[in-house]
Amino acid sequence: VIKPMVDSGDLSRPYGVRLAGTADDLTRTRRSLQGNFILALIITFMLMASLFESFLYPLVIMFSVPLAAAGGFLGLYLMNRLISDQPMDVLTMLGFVILIGIVVNNAILIVHQALNFMRNEGASAREAIRLSVQSRMRPIFMSTLTSVMGMLPLVLFPGAGSELYRGMGSVILGGLVISTVFTLLLVPSLFSLVMDAKRAVGDTLRSGR
């Protein structure tokens, strides 16, 4: 509203406009949700670090979060283009916070199962990762499909109050689908690179001694 007035010359010095009231409340809420997003990332990382007893493996798992965020923006874009206009309101922003706790589950399954193969069966890192993806692909697709099918009515079907939760649903849907596809491709590759680097550093330290 303000920028077109400034560009057209209708609003110029010594006059100015300051948004207040509901707009000011929305700005404060957005800043609070941004802080909650960062806090959710930190809590999720520290929880996984305590479970894996390592700071390295959670970094691989957290790589799926940016992919989910990109998928969330894509889902919101498709919502605006194909179904109805959906602003970036509070509940839509809350969908990005919810995504953090959802999308890391698939990466956790792959990393945890690969570590089990390496520790219990003595498999090499690449073989363990391959077996992990092979054994966990079906449950990953099953959980993703059930979540997507359960969320679709919230996005597609009209009804009382549907406009309130449609944005959050589109963000979660887009983030979940995109992160699932790329998690099966990029997380194993990144995990393999991390294990190769870890082995190379260990060999260097042992040779130095």
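Everything quoted here is computed from the prediction, not taken from an experiment.
- Heavy atoms only, all atoms of each residue included: Pro58 and Met48 are closest at CG-C, 3.7 Å.
- In this structure, the separation between CE on Met118 and CD on Gln113 is 10.5 Å, given to the nearest 0.5 Å.
- Of the inter-residue distances, the one linking Arg130 atom CZ with Ser192 atom OG reads 12.5 Å to the nearest 0.5 angstrom.
- Between Thr183 and Ser64, the side chains place no donor N or O within less than 3.5 Å of an acceptor N or O (distance only, hydrogens not considered).
- Rounding to the nearest 0.5 angstrom, the gap separating the CE atom in Met151 from the CG atom in Leu173 is 6.0 Å.
- Leu59 and Val104 fall within the same hydrophobic cluster, where Ile, Leu, Val, Met, Phe, Trp and Tyr residues are linked whenever their side-chain heavy atoms come under 4.5 Å apart, directly or through other members.
- Using a 4.5 Å cut-off on side-chain heavy atoms (C-beta onward), Phe182 and Ile178 make contact.
- Residues Met142 and Leu176 are members of separate hydrophobic clusters, defined by side-chain heavy-atom contacts under 4.5 angstrom among Ile, Leu, Val, Met, Phe, Trp and Tyr.
- The heavy-atom pair separating Pro188 from Ile129 by the smallest distance is CB-CG2, 3.6 Å.
- Taken from OG in Ser54 to NZ in Lys198, the straight-line distance is 6.0 Å, to the nearest 0.5 Å.
- The main-chain N or O of Gly175 is found under 3.5 Å from a side-chain atom of Ser179 such that the two form a donor-acceptor pair.
- Atom CZ of Phe45 has more than 12 neighbouring heavy atoms from other residues, nucleotides or ligands inside a 6.0 Å radius.
- Between Phe191 and Tyr57, the two ring planes are perpendicular [angle over 60°; tilted spans 30° to 60°].
- Contact of the Leu154 side chain with the Arg166 side chain is not registered, since no non-hydrogen atoms from C-beta on lie closer than 4.5 Å.
- Proximity of Leu115 to His112: side-chain heavy atoms (C-beta onward) are nowhere separated by under 4.5 Å.
- Using modelled atom types, one side-chain atom of Asn105 and one backbone atom of Ile102 make a donor-acceptor pair closer than 3.5 Å.
- Val111 and Leu47 are members of different hydrophobic clusters when ILVMFWY side chains are connected at heavy-atom separations under 4.5 Å.
- Between the side chain of Ser147 and the backbone N or O of Ser143, at least one donor-acceptor pair lies under 3.5 Å.
- A distance of 4.0 Å separates CG in Leu41 from CD1 in Ile100, rounded to the nearest 0.5 Å.
- Leu51 and Val60 are assigned to two separate hydrophobic clusters, defined by single-linkage of ILVMFWY side chains at heavy-atom distances under 4.5 Å.
- From Leu39, atom CG reaches atom OG1 of Thr44 across 9.0 Å, with rounding to the nearest 0.5 Å.
- In this structure, Ile61 and Val187 have side chains that are not in contact, with every pair of non-hydrogen atoms separated by 4.5 Å or more.
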